[in-house]
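Quick note: numbers below take in every heavy atom, side chains included, and nothing from hydrogens, waters or symmetry partners. The first residue in the sequence is number 1, and the count goes up from there.
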Amino acid sequence: MVFFDKNKEADAMAAAVTAANDMKEVTTEKQENGTEQGKAVEMPKRKPFAIWEAGGERYRLKLRTAAIVELESKYKTNLMNIMGTGEGGMPALSVMLDVAHAAMKDWQHGITKSEVQHIFERYVDEGGSQLSFYMSVYMEIFAVSGFFSVNLSNQMQEAMTEAKETM
C-alpha cells in the first residue's frame, strides 16, 4: 500500500497547492452608501489533535513549529519527504516513533523516547500493527499539524478509512 509513490506524489502535491489556493476567498459587497466591504469566507476547521489510544490511555499528538524544525534538522530534509518513504511507502518504525515523540512531548510533559516505544509495544499487544499505526496515528499527526489543507486531510481520512475496512 503506497500513499505517496513517485507518480502520485506530484499529483498529491498539486492537489494540496490547489486546495490551499482555494481555501480563502474574499468577496466584496456594496453597502447601501456605495462603499465596498470585504467579506472572508470561513475556512473549515481542522481537528485539534491526533489521538493515539494504547494501554487504556489516550495520547494527544500534534507537531508544533519547534518540533518540526527539530525533526527537519535531525533528518536533514523537509518532513514531507519522510512521510511515506522507503519500500511500500511506509517510513521506518524509528522515524514514525520519533515523529510521535515530537508530537507528544508538548502534551505529555516529560515523556521520553523509551516511553513512546513502550506505548507502541502496548499498542501492538492490543492488536495494533505498524501499518495501522502508520494509517491511523502517524499520518493523522501530519494532518492535524497543518501539512495538508483541511479538504485534502478529509480526502486522506476517507481513503484511509476505506483501506482499514479492506484490511
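Under the 4.5 Å side-chain heavy-atom criterion for grouping Ile, Leu, Val, Met, Phe, Trp and Tyr, W107 is not connected to W52 through any hydrophobic cluster. Linking Ile, Leu, Val, Met, Phe, Trp and Tyr whenever their side-chain heavy atoms come within less than 4.5 Å leaves I51 and M135 in two separate clusters. V69 and L63 fall into different hydrophobic clusters, where Ile, Leu, Val, Met, Phe, Trp and Tyr residues are linked whenever their side-chain heavy atoms come under 4.5 Å apart, directly or through other members.
Atom CE of M104 and atom CZ of F49 lie 12.5 Å apart (nearest 0.5 Å). With values rounded to the nearest 0.5 angstrom, M96 atom CE is found 8.5 Å from Y134 atom OH. Rounded to the nearest 0.5 Å, atoms OG (S136) and CG (L131) are 9.0 Å apart. Atoms CD and CG, on E72 and N81 in that order, are 9.0 Å from each other to the nearest 0.5 Å. From H101, atom NE2 reaches atom OG of S94 across 14.0 Å, with rounding to the nearest 0.5 Å. Atom CD1 in I68 sits 9.5 Å away from atom CG in N78 (nearest 0.5 Å).
Here Y59 pairs with nothing under the ring-ring contact (aromatic ring centres under 6.0 Å, His included) rule; sequence neighbours left out.
When atom types are taken as modelled, the side chain of S145 and the backbone of I141 share a donor-acceptor pair closer than 3.5 angstrom.
The two residues Y123 and S132 have their closest heavy-atom pair at OH-OG, 2.9 Å. In terms of heavy atoms, A102 sits closest to A67 at O-CB, 3.8 Å.
Looking only at side-chain heavy atoms (C-beta outward), Q108 and E57 stay at 4.5 Å or farther from each other.
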Begin with the C-alpha distance, continue with both residues' side-chain angles, and end with the deciding distance and a verdict on side chain to side chain contact (heavy atoms under 4.5 Å, CB included) for Q130 and Y138.
-> CA-CA 10 Å; Q130 283 189 31; Y138 183 75; over 6 Å; no
Before giving the answer on side chain to side chain contact (heavy atoms under 4.5 Å, CB included), spell out for Y75 and V99 the whole-Å C-alpha distance, their side-chain angles and the decisive distance to 0.1 Å.
-> CA-CA 11 Å; Y75 291 105; V99 170; 5.6 Å; no
Is there a side chain to side chain contact (heavy atoms under 4.5 Å, CB included) between I82 and L71 once you walk through the steps?
-> CA-CA 10 Å; I82 65 166; L71 287 166; 5.7 Å; no
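Applying the salt bridge (charged side-chain N to carboxylate O under 4.0 Å, His left out) test to pairs two or more places apart or on separate chains, none has a residue in residues 115-138. The salt bridge (charged side-chain N to carboxylate O under 4.0 Å, His left out) contacts involving residues 91-101 comprise K74-D98, D98-K113, where partners must be two or more places apart or lie in separate chains.
Between F120 and F133, the angle of the ring planes goes over 60°, which puts this pair in the perpendicular group of the 30/60° scheme.
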